[in-house]
Amino acid sequence: MACTESECVADCVRRAETLAFADPPPHSIGYMPIYVPRELIHAAGLLPAGLYGGGDRLEIIRGDAYFQSYICRIPRSTIELALSGHLDRLDGMLFPSICDVIRNLSGMWQMLFPDRYVRYIDVPQNFDPAVGGRFWRHELETLRRDMERIAGRPIDDEALRNSIAVYNENRAAIRELYAQRSRAPWRFPLSEAYLVLRAGNSVPPEEHTALIRDYIRGAENDLSRREMDQSRVVLAGMFCEQPPHGLLVTLERAGCAVVDDDLFLGMRWIQGDIPLDGDPLQNLVDAYLTASATTASRYSPEGHRAKWLLESYRRNEAEGVIFCAPSFCDPALLEQPMLVAALDRAGIPHTEFKYSEDTGQFAVIREQAGTFSDSIRLWSAS
Amino acid sequence: MKENSMLLQKQLLADHFDALARARDEGKKVVYTFVPGNLNELVRSFDLLPVLPEINALQSGMRKLSGGYITEAEKSGHSEDVCTYVKCDIGMLRKGNIGPTGKPLPKPDLLLLSYTGCFTFMKWFELLREEYDCPVAMLHVPYQSEGRIEPHQREYIVQQLRSEIIPKLEQVSGREFDIEKLRSMLRLSSKAEDDLVWVLESAKNTPSPIDAFFAGVYYLGPIFSAFRGTEDAVQYYRTLRGEIEERIANKEGPITPDGPMKGERYRLVVEGPPNWTSFRDFWKMFYEEDAVVVASTYTKVGGLYDQGFRHDPDHPLETLADYALGCYTNLSLPARVDLLARYIRDYRADGFLVNSVKSCNSFSVGQLLMLRQLEERTGVPGAFIESDLVDPRYFSAANIKNRIESYLQMLDQKRGAA
Amino acid sequence: MTIAAGIDVGSSAVKVAMIIGDEVLALHSERIRRRELRKVINDAYSIALGMANVKESDLAYVATTGEGELVEFRRGHFYGMTTHARGAIHLLPETRAVLDIGALHARAIQMDDRSRVLNYRMTSQCASGSGQFLENVARYLGIALEEVGPLSLQGDAPETVSSICAVLAETDVINMVSRGIKPADILKGIHISMAGRYVKLLRASGNATDVAITGGLASDVGLVEALRENCADLRFHTHPDSTYAGAIGAAFWGAYRHRVLESRKAS
Amino acid sequence: MKVFVGIDLGSTTTKAVILDEEERVIGRGITNSRSNYDVACAVVREEAFVRARFTMIERGLRTPRPHVIQDLERNFRLHQHLEQLDRLREAMLMLAARRGTPASIINGICDEMAIRARKHFAPGATRKSDFFRDLAAADYMSLAEAIREVSFESLCAIYDAAILAVENLTLDRAFERHIGSALQETEDGESLKEAVGAACNAELVESGSVGTGYGRQRLPFPKEQIRSEILCHGLGAHAMFPGTRTVLDIGGQDTKAIQLDPNGIVTSFQMNDRCAAGCGRYLGYIADEMNLGLHELGPLANESRHRVKINSTCTVFAGAELRDRLALGQKREDILAGLHRAIILRAMSLLARSGGISDEFTFTGGVARNSAAVGALRDLIAENYGARTINISHESIYTGALGAALFATRSAVRGNA
Ligand SMILES: Nc1ncnc2c1ncn2[C@@H]1O[C@H](COP(=O)(O)OP(=O)(O)O)[C@@H](O)[C@H]1O
Ligand SMILES: Nc1ncnc2c1ncn2[C@@H]1O[C@H](COP(=O)(O)OP(=O)(O)O)[C@@H](O)[C@H]1O
Ligand code: SF4
Ligand code: SF4
Ligand code: SF4
């Protein structure tokens, strides 16, 4: 079925909203942004549903009642969704160890919804296969048993292998989208790609992979899209609470073409394909130890994060870096000075600002992004 | 009026910071590490000197230096939003790394990142590593998400101690791990811990002879920090216990900066850390109204001794693991609520108060739900105030006083009605 | 020679600059204070045209900056920091950084000798310690804005404001007044805490030592003094026309763009 | 006659309530809070006592004459206003002389202001504000804008300095000074003459007073006479609506959610945190920005058909956001509707924090006078809690002061016993 990229985006928006604002499909397990091995959920025949906040349209009433003003937005909108019944049909919730906020949120869930399945997933910070690897395997085994219990059927190795293959495909499609965007950002603007990715939180991975491919084909064939005079930037800091769509539009209008970012890392925290042969669970364990994306939530032994950023800058032939982190996001904001120092050492231009998922005013951001882009564009020749 | 225990504690600190100042010259090696779940005995068993940046930060707060340090750190690009302990430490470093007694602190030879109950610690030492360019030993302590310590968690820690921490300590100190020495220190720890628990539980008396929050933080100094496992700490708690026994015999209340408290009108339980920049003013808001804190959770961030934990010389590595796993901020929220409910009941509290600090997500996220649950479970009304650890900009005295006063008047009104 | 206009639509005042070649022809500023913005813009613009003695048709380019989207007759828009840097270089050629302090935001900009913006920092979120806040306090104390600076210089026992929020800080000020603190000391205290925040911003943006202060608060001598006291290693420069830096910068960029476009047309 | 006074020194307004021994309200007063708390206190007390004398007049009449009394009070207020205007003129002339501004300009403006004042207080007229400061400012600014010889800027400065001086003067014995001339101008005034005389001579003995509110620490009262505003709002709301279980108070700078037991005793409460976003001052900034009176915001917002969703309620950025949105072509009423909803959303969170909304629910504080805020609150309560009895009274801004006065009465009674 041929469809244009705009139809495809509209389709994505509609599907993404089915989770947050209407009924989620039956038998799904909600999970917070990163480091959740979705393959294990999928292998049990359950749908992994990514929860990345409530966006800027959700009115927060009960959520604010539980969180002080100096805590980021994502836990409040997540609680709001749950307390207003939007998550009632989830069979359980997974809280990976991203930060103290998500960690404590898992306890709040236990208290607020004593009858529902809740699990905190402790992601190891030790990368020795015999130590951290063993621990992670234990976590995954527990998760596997839990999923089996919820689904009422065993997860055999074949099913798990199949799920790994499905997600390998999905990750490959996402990688292709990123590669295309980096090549021709005007053809695949972030404000669209974001929506296409976001849909992946609430549709089965097989469908999502197809959606992404449709979108890429649609946008490639749209000859009305012309190259624009923009500055190429890498965006960092958005791995958890997601920015409002208007922010991305603002960035692009202010002259920034985003060629790489860390949005929706939860879908692509495993880099490359996970092998299909051998013990599939062990393959998942090893993927975490050796092939997972570094984020601010993880211990970064030798400054891996800075390396990732510099590498992305070079690979994508970027001209600058924008740090755009959610307000009060400790992990992102704490690591920022280290990344800034690394960029300064490398002489790479950068700028930084904060947002929250319900930011409605973009004047300041527009001015900062605009000036940043101006200063790259007006002067890059000289 | 200074009591002996106070003088002793002062001396302990002074000696320690002197030793640190001389460390370079005397060829002693220094390890920076954190308070919750620290491995003090292990570090000391290698004859290494511990430095605790959190303690430096809170000391800077009490001496009104933190504001300047934080500004310094923010100037260099640190966000306004993040934990002020980190910024206070970085600022202090930028301004010459002068410790709380006015003597310079030595640079670390090792950053021992034992990472209990808070993710900020991890980034904190990553930041310090950039400054000092020295090795880091990382101990990942899993979270008690199900409200109990699981065997595989303990095992994971012991493995890390064996494969990561001990080798690095050996390397830095140039000594071999001496398990017997560790055992003997653990034995001293558990002795001091017995007396400490007695001190904390003395607040069950009426009137309470101690304030278990404002004075409590002083009482905990030695056991939470660099002195656990030493004879000095044992001595300190022995002396302290003696003094409190005397106060109980005389039916005396706690000692405050303005002398002994006279009446005891309200018995409170406090959740959350204190504010350090206006510590005295904050305390005064309580004792002026004859309110005494009989139990607090902050005094458990370095271990839940009152719930039965003791360092166990017979299982040295396992006990270190259990200790690290068991600190207050590593408990799940339901477990924290259980503990508070127990305190409210066991210490016969009239009320409980949450001091929510902006810096610390580990403490603060979920406190509003805890408040609601506790009110429902105990029938005791709670109060909620907000401040920060060491950022003077976040202590609005008028605002906090208003809330505390309103709260106490409410307790009064309820009592009048009953 | 190219004649161009720059209009800086701020949140408290509209500033207009008319330039010809390398020279400024006329400058005019109109405070908004509860008036309809479009009308204020039109008034300010026509007054400036009159002052410069030019007709609208003489203008090669009308450039806006700030919140200039309202201006229908503009030809192009430049972002605030780009224009302030340009304006500062025109007024104070020796400077390499700009501290622009307006009604709601402060911006610290680092630049090179051709006004290329190298780095910058800007306040966002909380509006504490902004010009608006100072204005409210002045109104509260019954002091005309022009007197704020000179009076602050007389303060000898400054009282610092603790609150970060401008609204709550106003209450702090009310309390101070009722405690009998002299207006001079209150103002000085406010200036000191504002200066602290701005210096933080400046340092975070880079390390040029010659700093041009632009924006409305450049004319506040009390604030300038507080900035100088706060850091001895920076040299702060002001110019009588500092307030107009944005408008001037916009005008010059406009003229530049005009030349670029013309030469494109020619070729 | 023994009376009891409660004073609520708020961040934006200061309120006083006077009770008689039967706990009946006989007088209320309100003024804007200002730098000198003692003056604010004195002014509001005087206001309340003036109002109490009017109550005495009513009580002294055998046949009720509400219309005549209304007229009388209106004329009285006009005289008070004109007196203030004279003082303002005097202060401005002095300042003008010092700055070299021609006196004729000031006099011209002031003459016109006096004419407008009579219109403000004409029968049936509605005023933009209860406060002299606001009424005078609106008139003055619009007149000053038309002046060409002197800059708007410097005329504003003169006004700003003068109004402060004028506000810090107290108005003692106001009743005695103006009632005579007011009576003369009142149609049918004769019929009140006797009652007015009696009211003038009635002895009102202040037998107890209690202070509360944001600035209560600075009230010239001993500590025993100070009560927390939480308790006062609780008790006041309970007195007005005895079935009250939940109280929401939105004042100038803070929002409070209070839960009560059946006796009006507070069982839990929550206040907004450090940030002043979404409180009454926010509406004040918005009104200023739109050049409207506070009274006009609600009605305008109610005209909205397409509410805009607004997330930020930062008070300081309110003006900027408003301008942004107007520039985007959004309608004033739609933005206003969104703003009101945003404020109430914040309040709803606070209510949820304090334990939800039980029946009956009472809304107090200045913002309860705003119809759009009330409308938004009704909607949100219905959406989230279902049917609840919602009490709002036009006097709800006095709830805290009423509670304080009740504490004064009761502690006097207890003291006597
Ligand atoms: N002489 C002065 N002293 C103090 N503040 C002043 C003075 N002149 C102007 N200001 C302040 O400058 C601000 C306006 O600055 P401006 O740069 O025009 O801001 P914006 O561009 O945001 O409108 C106002 O808030 C005003 O308070
Ligand atoms: N007549 C009115 N119409 C609409 N809003 C009003 C009116 N009067 C007061 N307000 C609102 O009430 C607020 C003041 O409330 P108040 O309870 O007096 O506060 P505080 O006790 O903090 O001074 C004002 O900021 C304003 O928003
Ligand atoms: S946005 Fe940041 S602070 Fe908030 S939950 Fe996510 S990682 Fe944690
Ligand atoms: S966030 Fe809390 S636990 Fe962590 S370092 Fe800061 S104060 Fe300590
Ligand atoms: S603290 Fe004040 S300035 Fe900051 S958001 Fe709140 S109201 Fe606005």
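The chains referred to below are lettered A, B, ... by the order of the sequence lines, with proteins before strands, and numbering in each begins at 1.
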Student: Considering only heavy atoms, which portion of B:Leu331 lies under 4.5 Å from any heavy atom of chain A: side chain, backbone, both, or neither?
Tutor: neither
Student: Looking at residues at least two apart in the chain, or sitting in another chain, which of them share a ring-ring contact (aromatic ring centres under 6.0 Å, His included) with B:Tyr298?
Tutor: none
Student: Please classify the contact of A:Ala325 with chain B as side chain, backbone, both or neither, using a heavy-atom distance under 4.5 Å.
Tutor: neither
Student: Need one label for B:Arg336: side chain, backbone, both or neither, based on atoms under 4.5 Å from any heavy atom in chain A.
Tutor: side chain
Student: Check whether B:Ser163 gets within reach of chain A through its side chain, its backbone, both or neither, counting any heavy atom under 4.5 Å.
Tutor: side chain
Student: Which one of A:Leu334, A:Val118, A:Val340 has the most heavy-atom pairs closer than 4.5 Å to chain B?
Tutor: A:Leu334
Student: Name all residues meeting the ring-ring contact (aromatic ring centres under 6.0 Å, His included) criterion together with B:His152; count only those two or more places apart in sequence or in a different chain, and write none if there are none.
Tutor: A:Phe135, A:His138
Student: Counting only non-hydrogen atoms closer than 4.5 Å, can you tell me which residues of residues 121-129 of chain B sit against chain A?
Tutor: B:Met122, B:Lys123, B:Glu126, B:Leu127, B:Arg129
Student: Heavy-atom distance under 4.5 Å to chain A: side chain of B:Gln373, backbone, both or neither?
Tutor: side chain
Student: Between A:Ile79 and chain B, with a heavy-atom cut-off of 4.5 Å, which part of the residue counts as in contact: side chain, backbone, both or neither?
Tutor: neither
Student: Tell me which of these, A:Arg119, A:Glu352, A:Arg134, has more heavy-atom pairs under 4.5 Å with chain B than the rest.
Tutor: A:Arg134
Student: Can you tell me which portion of A:Gln336 sits under 4.5 Å from chain B's heavy atoms? Options are side chain, backbone, both or neither.
Tutor: neither
Student: Is it the backbone or the side chain of A:Asp122 that comes under 4.5 Å from a heavy atom of chain B, or both, or neither?
Tutor: side chain
Student: Please check if any side-chain donor atom of A:Ser77 sits under 3.5 Å from a side-chain acceptor atom of A:Glu357, or the reverse.
Tutor: yes
Student: Between the side chains of B:Gln307 and B:Arg342, does any donor sit under 3.5 Å from an acceptor?
Tutor: yes
Student: Taking all atoms of both residues into account, what is the closest heavy-atom pair of B:Pro167 and B:Arg162, and its distance?
Tutor: CD-O, 3.1 Å
Student: Count the heavy-atom pairs under 4.5 Å between each of B:Phe363, B:Tyr115, B:Tyr156 and chain A, then report the option with the highest count.
Tutor: B:Tyr156
Student: How long is the span from the CZ atom in A:Phe353 to the CD1 atom in A:Ile365, to the nearest 0.5 Å?
Tutor: 5.5 Å
Student: Are side-chain N/O atoms of A:Ser327 and A:Tyr70 paired as donor and acceptor at under 3.5 Å?
Tutor: no
Student: Counting heavy-atom pairs closer than 4.5 Å to chain B, which one of A:Ala341, A:Ala130, A:Pro124, A:Cys72 comes out on top?
Tutor: A:Pro124
Student: How far does CG of A:Leu87 sit from CG of A:Leu51, to the nearest 0.5 angstrom?
Tutor: 5.5 Å
Student: For a side chain to side chain donor-acceptor pair (under 3.5 Å) check, start with the C-alpha distance between A:Tyr117 and A:Asp91, then their side-chain angles and the critical distance, and finish with the verdict.
Tutor: CA-CA 7 Å; A:Tyr117 173 77; A:Asp91 290 315; over 6 Å; no
Student: Is it the backbone or the side chain of A:Val131 that comes under 4.5 Å from a heavy atom of chain B, or both, or neither?
Tutor: both
Student: Scan side-chain atoms only and decide if B:Thr277 and B:Asn275 contain a donor-acceptor pair under the 3.5 Å cut-off.
Tutor: yes
Student: What residue, out of A:Ser97, A:Cys329, A:Ser106, has the most heavy-atom pairs lying under 4.5 Å from chain B?
Tutor: A:Ser97
Student: Could you tell me which of B:Ser359, B:Ser76, B:Ser362, B:Gly147 has the largest number of non-hydrogen atom pairs under 4.5 Å with chain A?
Tutor: B:Ser362
Student: Flag the one option from B:Cys83, B:Cys360, B:Ala335, B:Ser356 with the top tally of heavy-atom pairs under 4.5 Å to chain A.
Tutor: B:Ser356
Student: Considering all heavy atoms of both residues, which atom of B:Asp388 and which atom of B:Thr84 are nearest to each other, and what is their separation?
Tutor: OD2-OG1, 2.8 Å
Student: Can you classify the ring geometry of B:Tyr32 versus B:Tyr132 as parallel (below 30°), tilted (30 to 60°) or perpendicular (above 60°)?
Tutor: perpendicular
Student: Counting only heavy atoms closer than 4.5 Å, note whether B:Val158 contacts chain A via side chain, backbone, both or neither.
Tutor: neither
Student: Quiz question: by atom type and distance under 3.5 Å, do the side chains of A:Gln68 and B:Glu386 form a donor-acceptor pair?
Tutor: no
Student: With the threshold set at 4.0 Å, does a side-chain nitrogen-carboxylate oxygen contact exist between B:Glu150 and B:Arg154?
Tutor: no
Student: Which of the residues B:Ser332, B:Gly366, B:Pro334 is involved in the greatest number of heavy-atom pairs with chain A at under 4.5 angstrom?
Tutor: B:Pro334
Student: Using the ring-ring contact (aromatic ring centres under 6.0 Å, His included) criterion, which residues pair with A:Phe127? Sequence neighbours excluded.
Tutor: A:Tyr288
Student: Determine the option with the most heavy-atom pairs under 4.5 angstrom with chain A, choosing from B:Val337, B:Val357, B:Leu113.
Tutor: B:Val357
